[in-house]
Structures are given as structure tokens and as C-alpha cells.
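So that the names make sense, note that chain A is the first sequence line, chain B the second, and so on, each numbered from 1.
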Amino acid sequence: MHVWYNPSAAIDAALRTAAAGIEGLGNDFDPQVRPSDPNFGDFQANGILPRAKSIRTNPRALAQQLVEALSASAALPAAWVNWEIAGPGFINFRLQAPFLSAWLNTYDDAAQHREGAGTLYAGQIVVVDFSSPNTAKQMHVGHIRSSVIGESLARLLAFCGATVIRDNHIGDWGTQFGILILAIKRAGYDPNAGHADPLEDFEHLYKEGSALTKEDPEALEEARRELVKLQNGDPENVALWRAINTASQAAFDAIYQRLGIQFDLTLGESFYRDQVAPVYAELEQTGIARESEGALVVFHPEHERFATQPFIIRKSDGASNYASTDLATVRYRAEELKADRIVYVTDGRQQDHFQQLFLTVEKWFAATMRNCPKLQHIWFGTILGEDGKAIKTRSGAPVRLKVLLNEAEERAYALVSEKAPQLDEAERRSIASVAGIGAVRYADLSQNRTSDYTFSWDKLLSFDGNTAPYLLYAGARIHSIFRKLELSPGQGLEGASALETEAELLLARKLVGFASALEQTLADLRPHLLCAYLYELASEFSTFYNAEKVAVEDPSIRARRLMLCHRTLITLNTGLELLGIQPLERM
RNA sequence: GGGGGCGUAGCUCAGAGGAUAGAGCAGCGGUUUUCUAAACCGUUGGUCGGGGGUUCGAGUCCCUCCGCCCCUGCCA
């Protein structure tokens, strides 16, 4: 019999089938299968209670009928899972040791995990739109959440079978270029002259230009003319604009490389600049958009708020804005990329924008007979400074991402040197890089994305508790066991006896729970649920490690414990990979 | 004014309408002739912001009040 990757899904399916023939339950019965308190079992079905209420019957009697039908169906072999009715009408399920063993024997490497999980979104094309920095500016701490969460979501969706297209929708066509080009020309700055840190220079130049245009109306007018020249294709300005973008991209790539982030496409706003006119035309022809106060806007009369709060898709001066390019971008992704689903990873302040965008796109696509992809705004909370106020990009002193990553690595290096002085410097540097950057990343991912995030060096770089180093350390210990026995991870597992001790069984149960954790993580695209699971797994492993010696004399006991070590390692590494964190063999 | 988010242990945070609200940190007390002590074990700590309601059952849903953050026509 096929060993279910996700036992929760198997129990759910068996209960639905069993319920179909029972009066009062039927085809629409939702058993509400959830992971449960280990005191009660591995999973519990809560669905009987509300149903019994709605049909005015005794919940325990109804549960009894369901349980009898379940037994008769033989969908869940008794050797694998037991169940009982408990309390007012819960049904508790407990996985049996033979199932735990069968599961661990089946899902015995990363490829098997991938195959087990890979049916969820098979055949779907999903565009993940994330990171999205602006050119001519350095990436700062405000970009980290979108970058790190987006990368993790892309990996999670791909792991579950989707064809993922990662698209970096960079801001490379804003009005800031008028001022910047003006300042570059006045300073006689040559962006192609091989400067050490051109982005630093652009930021200084922009500041100068900005100050100048504020005090001198003529300069402001000149900046506008430079912008118009750029938009009209003036060769000199276009060349400058390209140079700025090239230098910016190089700086972005350096950050992305350190973070292990990759994109399939980098189609910035400029890519869509010739695609907005047809959007205006279609939205006007279909009556979705109309003129208001000189701008082209969309109202949604059926919506409480957006009936009066406009979605401005073309400014009164005729220029496009991010609503214009976002609309063109959806069309491109739907028609050219054949996207079934588009996931936008941005901060929560843009919720109104995306709600309006999605409403507009739905109407527009319906009116023009297009299929509308599933559109999701995956938002996250604001990054706050130590003072509890938002870190601003345009004022104050934003923490640059490269500086943050440098400091993370430095602090990690000091710590590694203290804890593992026997390792040579190159290895300590390499460990520090993985652990330091992993810590920064994990600190962000392990927290519910919709919460605000208080930026704090101490918090980001603390290596205590639910952190990346704790997970990495568990993996390093497993490697250490295999090293000590002169085996590679995965070797020495032959002749294993059945799992026996409490610590062994608890660890095995936790390992089987990976699929449920994945399911929960994907449901609302919340990576912190995967983090919580991995932390529990590492913690369960540590308990096992302290309770049971692995390298014992008895070959059958040693083999089964090595098997648990190996499965823990692949699960841990698979999970870390999904978060974008590299595993370590030694630390 | 309208809308969104948040408020849970001293601190940082988890909690899928379900059973006795959980972790980490900090605190207190233990564990190493042993596969990595960046660890493990035990323990202290709660009016889930206040009040009302719906429900067999509410930290979770509804109403209301208080406090903080954010958005709310030409930035993204």
C-alpha cells in the first residue's frame, strides 16, 4: 500500500468517503482534521461537533456512525493508524509505529520529499514578484523582508510542484532620474569611469540635485527637461540612465549572491513604459476607467471604500504611475508568461493599492474575455527602528543591507572563533557567513509576516533559542556522529530494529509531521510555520541526542538510531533549503 | 471621518472556533570519564487591553470602548 506523504490528507479523504453514505453527513461534510496535542494523538477530527449541532443530533452517536463506516471502509489500515471517539465528539487518530517506520523508509532522501510534496501545485505557473528595489539607490534594511520572504515562498511553491517564475520588478523609471541626470551633468560625473562605489556617488549626487531644485526654480525646470529628454529617447540621457541601472544591478546582484537569491526575470517598470497606452484605451473603452480632476481613474461603485477612493491609473499631467505599470504587468504575466497565479510580496502599506489593482484587473479581464490569474498580495509588517517608529527610506539614516550583512558575519565570526577555535580560519569564515546571514534571514522568517518587525542588532544576531544557528547546530551534530563512525550520512542503516524508546518514537512522529507543517505553511504562505516546525524538530532531536547514545555496540540499535539521525538531517536540510538557508556540516 | 494592523508571562513572540493558552530569552535549581554544553532536564511566572454578545465550546467570531502603528487623488 502507498505510504501517504501527508497522513492528515489521507485521514481527511478517508473520513469524507466514509461520511458520504451517512445520513446527516453526506458529501459536503468537512471533518476538520488538525494536528493535535500529543496527549490525545497525532491528529484530531473536529467536524462532527458543529454538524451534530446543526442537525440536532447527539455528537457522540454521530461520531460512532462515522467511525464504524471508517472501519468498514478499510481505507485506514489498523496497523498504521488507530482512532477513538473522545470528549464531546472529537475523533482522535494516532499513527502506529509500523506506519512511522514505513514513512521513514519511504521518504528517505530529499528527492522523495520533493516527490511527496510535488503534487500540490503540479502544472501551475506561479509568478512571484518580490524584492523590487529602486535603481540609483542602495538596498537597505527595508528591502530585506520582501527579498527573504519572497525567495522562501518561491522555493516553497516550486517544492510543491509549481513552475515558479521569479520576477524582480525593479523601480527603474521613476521621476528621480530628472534630478539625478541634472546633478550628474553639473558635476561632470562619468558613471562609466569605474568608480569604487557608484551607488554611493549617485546617492550623493541625488541629494545635491534635490537640494538644488528645492532652492532654485530654474534648476527644477531643468531637471524636468532632463526627464522629458530621457522619456523621449535622447541618446545622452538614455546612455546615462543605462549606466545608472547597470551599476545598480551590479550592486543588487552582489547582495542577492550573498543571500542566495535568484531571479528568472528582471522586468522593471521601464519594460512596461510602452505597454501602458493600450491599457488606458481598453479601460476607457470598457467604461471601467474615467476622467476625474484631469486624471484617469477607476472607481468601484459596489465597494464601500473604493466607490469614492480612486485608483489613479494616469496622472493629470499625462504621466504614468505605478498603477499604470502594475496593470500592464498583470497583462504581460497573464498573456506572455501564462501565469495561473501571481504572488506580490510587498509591505502592508500597499494593501489598498493591491485591492484596487485586483478589483480593476478582474473587471478588465472579464470585459475583454481574458482568463484572470489568481492574484495574491502577500504583505508583511513595517520595519521599525529601536524607537518604535518606521525606518524611512528618504529621511533619517537607513541601514544599508550590505553593512547589515557584514556586521552579521563579523559577529558570527567572533562567536565561531570562540566556540570552535580548533577550526582553521577559512572554515570559521565560511561558517560565520552561513550562520550570520542565516541568522538575519531566520529572524525575519520565523516571525509571522503580518507583524511589525523591530529591527535590533541584538535580536537579529542573537544565537539563542529559535534561531538559525540552533537548527544548523543540530545538523552539525548529526554530521559529527557519522564522521565519528567513519560513515557518510545515510550509511550504516542496514539491519535496523524497530523503533522502541520514547525519544525515538517522539522524534519519528515529529519527522512524519513535516508534511503537515508544509501544508500549513503553504495555505497562507507563512514561512514562520515552517520555522516553528523545524525548531521543534531540532529540539526533539536534541532531546533524543541527549537521551539515547547513537554509536552503541548493538548493531541493530545503532542502525535504527543512525536512520533517525539521517532522516532528521534530510528533513532539516530540506526545510532550511526552503527558507533559503544553507546547511552546515560543522560548526 | 473611513479602512487595515496590532495589544497574550518581566522581555521577544507562537497559537487552524475545540480539550489543561504554549515556546524562547531573562530568573531559579540541576546535568559533561560519554556521538559537538552554540546542548539537555526540572522549575517560577497569565484578569489573553477593558466591557458586552454569539456558541455545546471564544485568545480566536460580532459589537463597543481604550492605546499604539499604517493607509486614505496624482511617491512606490
With sugar-phosphate meaning primed atoms plus P, OP1 and OP2, does [X] contact a base, only sugar-phosphate, or nothing at under 4.0 Å between heavy atoms?
X: A/Arg586; answer: base
X: A/Pro35; answer: base
X: A/Glu548; answer: base
X: A/Ala532; answer: nothing
X: A/Tyr545; answer: base
X: A/Lys484; answer: sugar-phosphate
X: A/Asn46; answer: base
X: A/His528; answer: sugar-phosphate
X: A/Asp317; answer: nothing
X: A/Ala420; answer: nothing
X: A/Ile478; answer: nothing
X: A/Pro469; answer: nothing
X: A/Ser316; answer: base
X: A/Gln350; answer: base

Taking the side chain of [X] as heavy atoms from C-beta outward, which of [options] is closest to it?
X: A/Ile312; options: B/C71, B/G15, B/G73; answer: B/G73
X: A/Gln309; options: B/C71, B/U72, B/A14; answer: B/U72
X: A/Leu49; options: B/G73, B/G18, B/C75; answer: B/G18
X: A/Arg305; options: B/G5, B/G2, B/C74; answer: B/G2
X: A/Ser539; options: B/A19, B/C35, B/C40; answer: B/C40
X: A/Gln44; options: B/A76, B/A19, B/C35; answer: B/A19
X: A/Trp379; options: B/G18, B/G5, B/C35; answer: B/G5
X: A/Asn448; options: B/G15, B/A38, B/G18; answer: B/G15
X: A/Gln520; options: B/A16, B/C35, B/C71; answer: B/A16

Distance check needed: [N] [atom2] versus [X] [atom1], whole Å only.
X: A/Phe544; N: B/C40; atom1: CZ; atom2: P; answer: 15 Å
X: A/Glu418; N: B/A38; atom1: CD; atom2: C1'; answer: 9 Å
X: A/Asp444; N: B/U12; atom1: CG; atom2: P; answer: 17 Å
X: A/Tyr344; N: B/A76; atom1: OH; atom2: C1'; answer: 14 Å
X: A/Leu507; N: B/C40; atom1: CG; atom2: P; answer: 14 Å
X: A/Tyr533; N: B/A16; atom1: OH; atom2: C1'; answer: 18 Å
X: A/Arg477; N: B/U34; atom1: CZ; atom2: C1'; answer: 12 Å
X: A/Glu84; N: B/A19; atom1: CD; atom2: C1'; answer: 13 Å

Practice task
Could you tell me how the ring of A/His303 sits relative to the ring of A/Phe306: parallel (under 30°), tilted (30 to 60°) or perpendicular (over 60°)?
Solution key: parallel
Practice task
Would you please classify the geometry between the A/Phe311 ring and the A/His353 ring as parallel, tilted or perpendicular, with 30° and 60° separating the classes?
Solution key: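 It falls in the tilted class, 30° to 60°.
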Practice task
Mind checking which stems touch RNA chain B? I mean at least 3 consecutive Watson-Crick or G-U pairs, both distances under 3.5 Å.
Solution key: B:1-7 with B:66-72, B:10-13 with B:22-25, B:27-31 with B:39-43, B:49-53 with B:61-65
Handout entry: cation_pi(A/Arg51, A/Phe29) dist<6.0 Å, angle<=45
Key =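 No - A/Arg51 does not lie over the ring of A/Phe29 by the 6.0 Å and 45° rule.
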Gap in Å between the two [atom1] atoms, one belonging to [N] and one to [M], rounded:
N: B/G7; M: B/U12; atom1: C1'; value: 14 Å
N: B/C63; M: B/C28; atom1: P; value: 46 Å
N: B/A38; M: B/C11; atom1: P; value: 30 Å

State, without any angle test, whether [X] and [Y] hold a side-chain donor-acceptor pair at a distance under 3.5 Å.
X: A/Glu269; Y: A/Thr325; answer: no
X: A/Asn321; Y: A/Ser324; answer: yes
X: A/Gln44; Y: A/Asn46; answer: yes

Handout entry: Contact letters for nucleotides 26-32 of chain B, in which S counts primed atoms plus P, OP1 and OP2 and B counts the base, heavy atoms under 4.0 Å
Key = -------
Closer than 4.0 Å, any side-chain N/O of [X] to the OP1 or OP2 of [N]?
X: A/Gln351; N: B/C71; result: no
X: A/Lys419; N: B/A37; result: no
X: A/Ser451; N: B/A14; result: yes
X: A/Tyr535; N: B/C13; result: no

Handout entry: Identified side-chain contact (heavy atoms from CB on, under 4.5 Å) partner of A/Leu267 from the options A/Thr329, A/Ile170, A/Asp129, A/Asp167
Key = A/Asp167
Handout entry: Base of B/A19 and ring of A/Phe40 stacked, centres under 5.5 Å, planes under 30°
Key = yes
Exercise for the section: For residues A/Phe40 and A/Phe90, establish whether the separation of their ring centroids is below 6.0 Å. Expected result: no
Problem - Between A/Tyr470 and A/Tyr535, ring centroids under 6.0 Å - result: yes
Using a distance-only criterion (donor-acceptor N/O pair, under 3.5 Å, no hydrogens), is the base of [N] paired with the side chain of [X]?
X: A/Tyr322; N: B/A76; result: yes
X: A/Asn92; N: B/A19; result: yes
X: A/Ser36; N: B/G18; result: no

Practice task
Check A/Phe130, A/Tyr344, A/Tyr272 against A/His169 for a ring-ring contact (aromatic ring centres under 6.0 Å, His included) and give me the one that passes.
Solution key: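 Passing option: A/Tyr272.
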